[in-house]
4 protein chains.
Amino acid sequence: MKERIVETSIQLFDKKGFTGTSIKEIVEELNVTKGTFYYYFKSKEELLKDIHLTYIDDLIEQQKVILEDLEKDCVAKLYSLIFMVINNIGSNRESARIFTREVRHLSGKNVEEIRAKRNLFRRQYQELIEMGIRQGEFKDTIPADMLTFGILGIINWTYYWYNPEGEVSEEELAQMFTNLILEGVKASS
Amino acid sequence: MKERIVETSIQLFDKKGFTGTSIKEIVEELNVTKGTFYYYFKSKEELLKDIHLTYIDDLIEQQKVILEDLEKDCVAKLYSLIFMVINNIGSNRESARIFTREVRHLSGKNVEEIRAKRNLFRRQYQELIEMGIRQGEFKDTIPADMLTFGILGIINWTYYWYNPEGEVSEEELAQMFTNLILEGVKASS
Amino acid sequence: MKERIVETSIQLFDKKGFTGTSIKEIVEELNVTKGTFYYYFKSKEELLKDIHLTYIDDLIEQQKVILEDLEKDCVAKLYSLIFMVINNIGSNRESARIFTREVRHLSGKNVEEIRAKRNLFRRQYQELIEMGIRQGEFKDTIPADMLTFGILGIINWTYYWYNPEGEVSEEELAQMFTNLILEGVKASS
Amino acid sequence: MKERIVETSIQLFDKKGFTGTSIKEIVEELNVTKGTFYYYFKSKEELLKDIHLTYIDDLIEQQKVILEDLEKDCVAKLYSLIFMVINNIGSNRESARIFTREVRHLSGKNVEEIRAKRNLFRRQYQELIEMGIRQGEFKDTIPADMLTFGILGIINWTYYWYNPEGEVSEEELAQMFTNLILEGVKASS
DNA sequence: AATGAATGAGTATTCATTCAT
DNA sequence: AATGAATGAATACTCATTCAT
């Protein structure tokens, strides 16, 4: 039941927003009563925290596996990280959007925890860039932190427009964006 | 007064979300009564539409000026468009965030109008890319629409992390991102 | 309207207790809506505080008038104070009972304010006793503070049993209790 | 377990009131579940009735022993009754306060039973007074019923202020109040 | 141009209680 | 002897909105 509440809530929070979704709507979708909701979650915010944690913990775990892969160089890791996010869209798009839009409705202690993990994810991205620069795979024209924000922008934005069932496959898109980041678009003269 | 209501609402909508902000909060911040609010706006949604329209109309207008500049080539126009957004952050960040997060709370007729303008903005971006390809300034490795989404991702994301008062100036950041998009980060071998 | 809400609430709080009375019950009795209640009081507790304050402020004011009366000796003042409370029962019984039973539902700041006034009332009673002892009107067999608690017990209890419309008039009862306190009940041998 | 539920409930009912205390609070304090509560009591009201009965039955029993003591005269019995209540405060204060404040939350049948016992207690007090008058130990200036209410007021009020661990011992306080009732406070001229 | 009073539907949350296990 | 899951009704309180003045 707890799982079903989470799934339903994710759909609704994505569609109508956290504050725009009422407990009543959630439980009616599941044909249970409000009491049932509060048996599993002590508050609406607690549910939101759960959703955030599940999402970011999973992301960090996947990221870790890629970064620790000894057989890949930095370029290959960059591609894998980009593909990972795009590949997650099919199953995670709603959670991802909730994650970027609804953090502000977490209070105090909760927001700290989430923010810490969010920053961890970003810093590990940045460390890959820095290592790539040190090992001569990447140029050092752009500071690593700014570069990281740029790359994160590209992939985070995919949650808002990319349709995995459309003409461009996940692999193709990941390849395109990796290519953009590595080679740029300027025609060589 | 109407203007003060809009300004206050923008701050609150950004901080607590559209549904998370009540008319009461808005008018209390201004030390007026709810009646005053309804003298200027016929509903909360109308206010939200106003905010959206002001934001996107301004953006499209600025975009138009840049695109119609006969003295700039496509590379220069790309830089200008990127700088334009970053430059707007100081005065518009909250509106921009509301624009990407709260559209779903506009209903029917309103949402169509806004979406049309949002798409117009994107298509004009894409047309610049396509023209650049035709004129041999950009490679055609990546489809123009995908490329556009990538670039929009980079600049939209700045609304969520860039601090115009920080170490990196707006010009520098625009230069870095233009450089990223044009030249990529791969070290030439 | 505010006054009508207070009156109705006093009756209900007395009959069913503060926590046992719902806002719904109050407003239904008055044929208005909950919104109306919250237009006049920002919370249920605020209403309770209002009731407490009105009651104790009135009591202290009346007490003050009696104690400052230059023409009465301590015995006469004692009688007047006793009569004052009994005489208030007709109009104030419910408030008085709420006052002794529901203070615990006031929180923090509110409870301090009320307790301070409650103590003021008791201390002024005690000062009368002390003055009576100093001036030789009363014996000093019993410490003034204990004596005060005893007298307050007698009169506070009347709120729970005395019927002003019954056989014993208010003046008679005040006389009986003054007599009990002054002369005692032991038959002189 | 049943006993532990009763003890915990008494503390909570005294502190927060009967309606202000939830079953959840009671069982959480005891680290058991609500099911456990309903294994021992068929309703919240039944628990309240239990508390009332235990309290008043014990009081009546103690009263009976004193009144039937053939070796005491009425004055001695009066002292013993007063001491009895004060002496009970240490172990019974909370029950006593619940007893005077929460009866109204008993319904129908229950309230009758409790009221009958409460009246029995008062009438037996009054009978002692009447006997004292008949036997010439007490004056008949004040009607026995009014006198009884006065005395009950003094002792019932002690539940709200007397601290058995304070400077005045239980014996001393009982002595003071007996003295007040028998001799009064007026200085003999 | 703005207020003060009011509404009715809705909010998150808590309640006492039930019952199969 | 006790639990875990669930209910349905109630709780205090807030909401966007209306309207006579």
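In the text below, chain A, chain B and the rest are named by the order of the sequence lines, each starting its count at 1.
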| message | One thing to verify: whether D:Lys16 and D:Glu25 come together as a salt bridge, which I'm taking to mean a side-chain N less than 4.0 angstrom from a carboxylate O. | response | yes

| query | Rounded to the Å, how far apart are C:Tyr40 OH and F:dC13 P? | reply | 18 Å

| field | B:Lys42 vs D:Thr33, nearer the 5' end of DNA chain F by closest nucleotide | value | D:Thr33

| request: Would you mind reading off the distance between B:Leu47 atom CG and F:dA16 atom P, rounded to a whole angstrom? | output: 11 Å

| said: Between P on F:dA12 and CG on C:Leu12, what's the gap in Å once rounded to a whole number? | reply: 12 Å

| said: Nearest whole Å is fine: how far is F:dA16 C1' from B:Lys24 NZ? | reply: 13 Å

| request: Remember a base hit wins even if backbone is also touched, and classify C:Ser22 as base, sugar-phosphate or nothing at under 4.0 Å, heavy atoms. | output: sugar-phosphate

| query | Taking it one step at a time, do B:Tyr39 and B:Thr33 satisfy side chain to side chain donor-acceptor pair (under 3.5 Å)? | reply | CA-CA 10 Å; B:Tyr39 179 77; B:Thr33 58; over 6 Å; no

| query | Considering heavy-atom distances to DNA chain E, does C:Tyr39 or A:Ser43 have its closest nucleotide positioned more toward the 5' end? | reply | C:Tyr39

| task | Name the orientation class of the two ring planes belonging to D:Tyr159 and D:Tyr55 (parallel below 30°, tilted from 30 to 60°, perpendicular beyond 60°). | result | perpendicular

| Quick one: does NZ or CZ of B:Arg118 land under 6.0 Å from the six-membered ring centre of B:Phe99, within 45 degrees of the ring axis? | yes

| note | On DNA chain F, more 5' by nearest nucleotide between B:Gly20 and A:Met1 is A:Met1

| If only side-chain N and O atoms of B:Lys44 are considered, is one of them under 4.0 Å from the OP1 or OP2 phosphate oxygen of F:dA16? | yes

| query | Which dot-bracket string describes DNA chain E (Watson-Crick N1-N3 plus N6-O4 or O6-N4, or G-U N1-O2 and O6-N3, all under 3.5 Å; [ ] crossing; | other strand)? | reply | .||||||||||||||||||||

| task | With heavy atoms under 4.0 Å as the rule, sort A:Phe37 into base, sugar-phosphate or nothing. | result | nothing

| note | From OH of C:Tyr38 across to P of F:dC13 the rounded distance in Å is 4 Å

| Does anyone know the first and last nucleotide of DNA chain E in reach of chain C, 5' to 3', at under 4.0 angstrom to a heavy atom? | E:dG4 to E:dG10

| Is the cationic atom of A:Lys2 (NZ for Lys, CZ for Arg) positioned less than 6.0 Å from the six-membered ring centroid of A:Phe37 and within 45 degrees of its normal? | no

| query | Within the structure shown, what part of the strands sits under 4.0 Å from D:Thr19 by heavy-atom distance: base, sugar-phosphate, or nothing? | reply | nothing

| Touch class at under 4.0 angstrom, heavy-atom based, for B:Thr36 against every strand present | base

| Cationic N near anionic O, under 4.0 Å, D:Arg93 to D:Asp14 | no

| query | Under 30°, 30 to 60°, or over 60°: which ring-plane class applies to A:Phe13 and A:Phe18, parallel, tilted or perpendicular? | reply | perpendicular

